[in-house]
Amino acid sequence: MEVFFESNLRFWPQGATVTQLAASSSWPPCFAAVGYAPCLRAWKPEGEATAAQFSPVHSLLEVDGSNFVACCIQDGRLAAAESSGRIGIWNTTTWNRVHTLSAGAEITALALSNAHVAVGTACGAVMAWQCEAGSEECKQVFVARQVDTVPIRTVLLNHTKYAEGRLLVVHSAGRNSVNVWHLTERRLMHRLVRKTAPSDASAVVSANMHFAFLDAVLFAGVSWCEGHDPMIQLAHVVEADMQDMGASERLSGRGRPLAADFAGGLLAVGFEDGALAVFGRYGWLRWHGGSVGAVKVLPHRTQVVSGGADKQLCLWSGEGTLLACVDVSFQITALACSDCAVVVGGAQGEMQIAVLEAASEEQVQKVKAQEQQPERSAQPQHCTQYDLLFDYRTSLLKTQDSGTVKHGHVSSHPDVLAHYVRPRTPITAEHLAAHAAAKDGDPGAKPEPTEEQKEAAKRKSLQQMGEASSVARNAAAALPSSVDKLGEKCANPSCLTRSGAKGGQFMRCGSCKERRYCSQHCQRTHWRDGHSKECAELVRRRLERQRLSDDSNASKAQRPGDQEAGTNSNCGPEGIATSQASAAHYHRQAGPPPTAHPQGSLQRSTAQVQQQESGGPGVQGSCASEMEAHQHTAGTVPGSDLKGCSTGMQGRDMREECSTGMQGRDAREGCSTGGKGGMQGRDAAQPCKASSVPVGDVKGWSTGMRGQTDDLYELD
């Protein structure tokens with residue numbers, strides 16, 4: 001490993017600390033930097049890869065005077081966020097600005113993937129835009145306005161698809177929760193909330209999360225607060241499984257974490273006391289001679305790069321062996337990695353590139369000598385601290401007080417720096433207790449909301465969760481009469497989808513069988529918004545209607561001629577002939593039969609009957625015929641006998657105890673909750689009895705959450 005430039009590049013001419021770097025993955029890389037100065041700087045490669053030269057990007061000078069808080073490079077695009085609420089996106093080939101977005105509030109966090117860009121704001125909101133690499137179209141696809149009561153510091157996007165969609169992960173410090181959204185479906189998948197009391201020390205530490213990362217579907221967070229050891233939290237964001245890393249000697253007694261990175265199953269953390277701790281597939285602890293303010297994990301090489309206030313840039317193997325060490329002559333505050341190089345930023349605005357290459361024999365001997373030094377394996381007696389600079393001297397940046405100091409050392413003027421860079425808000429036990437009391441509806445903390453406020457909160461919750469594309473934002477939206485021709489409406493009050501427009505059949509609630517929905521998402525939403533309270537009552541009403549219908553059929557069976565018509569219902573040609581004669585006798589006495597049976601039309605043609613006599617097509621079962629169904633239409637068979645029919649029955653409201661072959665609009669399913677999401681189609685043909693459907697049983701889809709959580713966490 002050796003430095004590339006003979007003399008260092010400069011981020012800011014007057015000297016200002018580089019706080020964040022971003023670089024492309026290929027060699028030679030393009031890279032960008034932001035820091036304690038009102039500018040965004042970038043360098044682009046020129047010439048052949050073997051003799052690359054780097055020149056500054058002059059088109060970015062137009063944004064000088066703006067205070068940038070973060071920058072990212074991904075798939076040929078540079079995204080940079082200003083504290084004023086504006087996001088700029090540039091093409092890193094032409095360096096033309098392709099998009100300018102507005103969050104409408106001060107931005108405190110930024111994330112960029114190959115399909116989306118997301119930001120967190122100081123007012124606790126989260127927004128996301130869809131802007132595919134190489135596409136000129138950019139549209140806002142997600143807004144959550146009340147994710148937190150304090151500024152959002154963690155916004156993460158996964159760079160791989162999950163279930164044909166993208167994931168957005170946000171840590172809510174004020175509510176001590178991790179929220180996972182499915183961006184493609186625009187819905188909240190999980191909200192992981194710590195179950196310990198707000199006064200518990202672990203709850204306070206976990207809420208103060210300084211660093212968070214998302215590697216595919218694995219989430220890792222590093223938390224710390226004054227007077228406590230650091231805490232590491234790990235989670236699988238799809239299975240909703242989150243837990244704390246067990247107590248480790250690598251965390252015991254450590255100071256404030258200054259830098260961290262997580263990739264390829266390795267989590268590296270640099271601390272203020274000079275410690276470099278690695279967790280995951282390998283675990284070890286090494287030391288710098290000064291505070292470690294920059295670390296990066298190289299997953300393709302299974303290596304770790306670290307830099308500190310001792311001006312040493314170190315390359316470590318996954319097992320903790322020191323592979324290379326370079327003195328870059330300045331305190332290292334930021335790192336960005338490409339395939340074979342590391343971009344380095346310094347405390348006074350220095351910039352350098354370190355090339356990763358095979359070590360020579362001389363370098364190997366030098367590394368072995370350095371590795372044997374006691375400060376690498378034991379804590380040094382003296383730890384060098386950072387000397388950071390800021391400089392906001394520009395005519396474009398206005399301040400209310402013209403006499404305000406605009407440049408100097410951060411240690412001497414921390415209040416001045418806070419004027420330009422929002423300081424991190426420490427979360428206390430009192431803050432968490434106040435939020436818990438408000439959530440539980442404590443009258444002393446928050447008055448009981450009115451019905452109007454509850455309805456407004458419900459609408460805000462739906463907007464925050466992100467509805468599917470077919471869901472309306474207003475539950476009371478008026479529908480034109482012309483849409484009635486499109487079929488039945490989804491039972492979810494906030495959805496306007498109709499069966500005709502959807503192009504398919506709706507699914508119904510597996511318990512009450514009264515409410516029909518266009519999707520499981522709408523079913524879950526309606527269950528949460530009130531159907532859970534009415535489902536049991538609808539089941540009771542349905543069973544009562546069935547009992548009354550059975551009593552009515554039994555009373556009709558007492559008419560004259562019923563006994564004669566019901567004496568022969570055996571299968572075979574003789575039985576069919578007798579049934580025809582009996583039906584004709586009843587027609588002469590009681591008039592023509594009704595055109596439709598109360599439970600649905602069961603009449604068949606004579607040709608079909610003859611076909612059944614000969615055993616041709618249309619025969620279903622061994623003990624019932626379609627002519628017997630015709631006798632039921634004529635009222636010659638008691639209604640209670642419908643429960644004894646075994647096969648071949650078709651209709652709209654068939655009774656529960658028919659065993660097989662049942663089809664129709666309201667045929668009783670054999671498993672109300674056995675299907676995915678507990679939803680059954682309109683023409684289910686499963687044997688069932690009403691007694692097997694528990695009242696209000698919504699197993700499988702009542703919460704919509706997946707996976708099991710650790711004892712310390714629960715799904716909210």
Side-chain angles (χ1 to χ4, degrees), residues 1 18-25 29 31-34 70-74 109-113 153-160 169 171 209-224 230-235 245 248 250-251 254 256-272 274-288 291-309 312-320 322-324 332-345 354 356:
M1 184 170 63
V18 178
T19 58
Q20 187 175 1
L21 289 170
S24 61
S25 59
F31 54 95
V34 297
C71 65
C72 304
I73 291 180
Q74 179 74 27
L110 172 69
L112 176 67
S113 70
R153 296 287 183 176
T154 299
V155 175
L156 305 170
L157 290 167
N158 70 332
H159 295 268
T160 57
V169 179
H171 177 254
M209 188 172 291
H210 287 237
F211 305 98
F213 309 94
L214 185 63
D215 185 13
V217 294
L218 299 179
F219 171 88
V222 181
S223 303
W224 175 83
M231 175 187 294
I232 295 177
Q233 302 170 82
L234 304 174
M245 180 172 288
S248 171
R250 282 163 280 163
L251 295 175
R254 297 282 73 81
R256 177 165 59 103
L258 299 181
D261 193 27
F262 176 60
L266 288 178
L267 172 64
V269 186
F271 293 94
E272 191 175 28
L276 171 64
V278 172
F279 308 87
R281 289 191 296 166
Y282 305 100
W284 42 269
L285 181 67
R286 299 293 183 267
W287 297 89
H288 275 254
S291 300
V292 181
V295 297
K296 281 294 178 181
V297 176
L298 307 177
H300 59 287
R301 302 168 67 104
T302 317
Q303 295 174 348
V304 177
V305 181
S306 63
Q312 300 293 312
L313 180 66
C314 298
L315 178 65
W316 309 85
S317 69
E319 296 85 355
L322 182 61
L323 302 177
I332 302 172
T333 57
L335 295 174
C337 295
S338 66
D339 291 338
C340 58
V342 179
V343 184
V344 187
L356 303 175

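Computed over heavy atoms, backbone and side chain alike; hydrogens, waters and symmetry mates excluded. Because the structure is predicted, anything quoted here is derived from the model rather than measured.
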Output yes when a side-chain donor or acceptor of [X] lies under 3.5 Å from a complementary backbone atom of [Y], and no otherwise.
X    : Y    : value
N158 : L214 : no
R153 : M209 : no
W284 : L276 : no

Practice task
With side chain to side chain contact (heavy atoms under 4.5 Å, CB included) as the test, would you mind laying out the steps for F262 and L218 before giving the verdict?
Solution key: CA-CA 10 Å; F262 176 60; L218 299 179; 4.2 Å; yes
Over all atoms of both residues, closest heavy-atom pair of [X] and [Y]:
X    : Y    : answer
V295 : A268 : CG2-O, 3.7 Å
A212 : L156 : O-CD2, 3.6 Å
S24  : P29  : OG-CA, 3.3 Å
C314 : L322 : CB-CD1, 3.8 Å
L251 : F271 : CD2-CZ, 4.2 Å

Contact check, side chains of [X] and [Y], non-hydrogen atoms, under 4.5 Å:
X    : Y    : answer
H288 : Q312 : yes
L315 : L298 : yes
L258 : V292 : no

Handout entry: Worked check of side chain to side chain contact (heavy atoms under 4.5 Å, CB included) between R301 and L356
Key = CA-CA 11 Å; R301 302 168 67 104; L356 303 175; 3.9 Å; yes
Practice task
Quick one: do T333 and T19 satisfy side chain to side chain contact (heavy atoms under 4.5 Å, CB included)? Show the steps, please.
Solution key: CA-CA 6 Å; T333 57; T19 58; over 6 Å; no
Practice task
Run the numbers on R254 and L285 for side chain to side chain contact (heavy atoms under 4.5 Å, CB included), then give the verdict.
Solution key: CA-CA 11 Å; R254 297 282 73 81; L285 181 67; 4.1 Å; yes
Donor-acceptor pairs are to be reported for all side-chain atoms of residues 335-344 against protein atoms at under 3.5 Å, with residues two or more places apart or in another chain.
from	atom 1	to	atom 2	distance (Å)
S338	OG	A341	N	3.3
S338	OG	A341	O	3.3

Practice task
Could you tell me which residues satisfy salt bridge (charged side-chain N to carboxylate O under 4.0 Å, His left out) with R250, sequence neighbours excluded, listed by chain and number?
Solution key: none
